[in-house]
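Structure first, commentary second.
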Protein chains: 2
Amino acid sequence: MSDLSSLEVAVSPAEKFREYLATQNQRLTPERRNIVEEVFSSHEHFDADQLVHRLSSRKDNKRVSRSSVYRCLDAMVKAGLLRKVARTNDRDVYEHDYGYPQHDHMICTKTGKMIEFENEEILAILERVASEHGFRITGHRLEVYGICAEAAKSPRRRPRKLDLI
Amino acid sequence: MSDLSSLEVAVSPAEKFREYLATQNQRLTPERRNIVEEVFSSHEHFDADQLVHRLSSRKDNKRVSRSSVYRCLDAMVKAGLLRKVARTNDRDVYEHDYGYPQHDHMICTKTGKMIEFENEEILAILERVASEHGFRITGHRLEVYGICAEAAKSPRRRPRKLDLI
DNA sequence: TTAGCTGCAAAGCCTTTGCAATTTA
DNA sequence: TAAATTGCAAAGGCTTTGCAGCTAA
């Protein structure tokens, strides 16, 4: 059983993807199916490179070329399966957008740890502020930066470049 | 008189930059001064490429090389003069961080227009949520996406690629 | 049989960096 | 005169794209 067990999902990600692709006269090929299944096999944030490696380290013959991975990620975003959430190390980072509630992130600048949280109040405030500007909200990205509890405990400081004097 | 007229700024951006540079054994060269002045001559969001063009289109001999612009932007961020706020068209976008209050953005996905807004309530909620996770906030980025009033009026749809059938 | 797909290699793009020449304290 | 700085060109790193061969309805 997958991570989806506790979520209210009408159809599997693969099925949802197939439906989207059909509207574009496109097909759920074996490669695309492998990618969707790998992506939804765990609920971690990931980037294209990590996904490529996850796919090529598999024992079965499910390796997929880097180009196809990039192309498929774009399609999955359009299909509403994934969201780009941030950019880390100059790479686009993705997360599940299907079968998973809208949420925001607290990002530890020491450890890189991401904590997800939901808050209805913020959404309500945003709606109010937007309406004051005649703005119709379709989505948002909220990233809160700081120091997580773990990092605060440790006396270790984050390594940093010393500008020689 | 510049856009800074209504703000409480102890010293000019150039002076503040000079102070920062001094702590790094670096100098406020003519090139760096030109960049700071150009950057703070208007309160618009901009990217490196736009800044390069603004500098080279000037009649006076104030053109600065692209490398120097990139290097200077980095330094200005470290100096607390600028902030990276987003990424548009695959380019880092900057805004003033000195002498300007913390705020967030509503971004029109049709026109690219950015509307700035401030909201204390959201900050308070974030502080509360963070403390529940033992997280100490140092900053945040909030981008609200949607359709601005202008774009909503116009019946024009945003151009999009037609996948030939 | 025609439209869609994959994988490879090459190209694109923004950004960073090595380096020689130049400037400045 | 030694350290910092600039501008150019080249290199980096992620992502996109052209294309030949392949696949599937």
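Bear in mind the structure is a predicted one, so any value in this text is a computation, not a measurement.
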Exercise. Please work out whether the ring planes of Tyr98(A) and Phe40(A) are parallel, tilted or perpendicular, with thresholds of 30° and 60°.
Key: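 Perpendicular.
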Self-check item: Aromatic plane relationship, His45(A) with His43(A) - under 30° parallel, 30 to 60° tilted, over 60° perpendicular
Solution: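 Because their plane-to-plane angle lies in the 30° to 60° range, the rings of His43(A) and His45(A) count as tilted.
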Need one value for [X]: base, sugar-phosphate or nothing, where a base atom within 4.0 Å counts as base even if backbone is also close, heavy atoms only.
| X | result |
| --- | --- |
| Asp47(A) | nothing |
| Asp92(A) | sugar-phosphate |
| Arg71(A) | base |

Quiz item: Can you get from Leu142(A) to Val93(A) by hopping between Ile, Leu, Val, Met, Phe, Trp and Tyr side chains that sit under 4.5 Å apart?
Solution: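 Not linked; separate clusters.
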Only pairs under 3.5 Å count here: list side-chain donor-acceptor contacts from residues 122-135 of chain A, not counting sequence neighbours, and write none if there are none.
| residue | atom | partner | partner atom | Å |
| --- | --- | --- | --- | --- |
| Arg128(A) | NH2 | Glu121(B) | OE2 | 2.6 |
| Ser131(A) | OG | Arg128(A) | O | 2.8 |
| His133(A) | ND1 | Val129(A) | O | 3.1 |

Practice problem: Would you please name every residue forming a salt bridge (charged side-chain N to carboxylate O under 4.0 Å, His left out) with Arg136(A), sequence neighbours left out? | Solution: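 With sequence neighbours excluded, Arg136(A) shows a salt bridge (charged side-chain N to carboxylate O under 4.0 Å, His left out) to no residue whatsoever.
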Exercise. Name all residues meeting the salt bridge (charged side-chain N to carboxylate O under 4.0 Å, His left out) criterion together with Lys113(B); count only those two or more places apart in sequence or in a different chain, and write none if there are none.
Key: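 Salt bridge (charged side-chain N to carboxylate O under 4.0 Å, His left out) list for Lys113(B), sorted by chain: empty.
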What is the distance from [atom1] of [X] to [atom2] of [N], rounded to the nearest Å?
| X | N | atom1 | atom2 | value |
| --- | --- | --- | --- | --- |
| Asp49(B) | dC13(C) | CG | P | 12 Å |
| Asp74(B) | dC14(C) | CG | P | 17 Å |
| Asn89(A) | dT15(C) | CG | P | 16 Å |
| Leu73(B) | dT16(C) | CG | C1' | 13 Å |
| Asp90(A) | dC14(D) | CG | P | 7 Å |
| Arg91(B) | dC14(C) | CZ | P | 5 Å |
| Leu55(B) | dG7(D) | CG | P | 10 Å |
| Gln26(B) | dT6(D) | CD | P | 9 Å |

Quiz item: Between Arg87(A) and dC14(D), does any side-chain N or O lie under 4.0 Å from OP1 or OP2?
Solution: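 Answer is no, no contact under 4.0 Å.
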Quiz prompt | Strand-adjacent residues in residues 63-70 of chain B, judged by heavy atoms under 4.0 Å from DNA chain C | solution =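 Residues of residues 63-70 of chain B under 4.0 Å from DNA chain C: Ser67(B), Tyr70(B).
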Self-check item: His140(B)-Tyr145(A) aromatic ring centre distance below 6.0 Å
Solution: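 Distance test on ring centres: not under 6.0 Å, no.
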Quiz item: Taking Glu38(B) as the fixed residue, which of Arg33(B), Arg54(B), Lys62(B) is the one that meets the side-chain hydrogen bond (donor to acceptor under 3.5 Å, both in side chains) rule?
Solution: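 Single side-chain hydrogen bond (donor to acceptor under 3.5 Å, both in side chains) partner of Glu38(B) among Arg33(B), Arg54(B), Lys62(B): Arg54(B).
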Exercise. Sequence neighbours left out, what passes side-chain hydrogen bond (donor to acceptor under 3.5 Å, both in side chains) with Arg18(B)? Give chain and number order.
Key: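 Per chain and number, Arg18(B) pairs via side-chain hydrogen bond (donor to acceptor under 3.5 Å, both in side chains) with Glu15(B).
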Just the table, please: protein N/O against nucleotides 20-25 of chain C N/O, every pair under 3.5 Å.
none

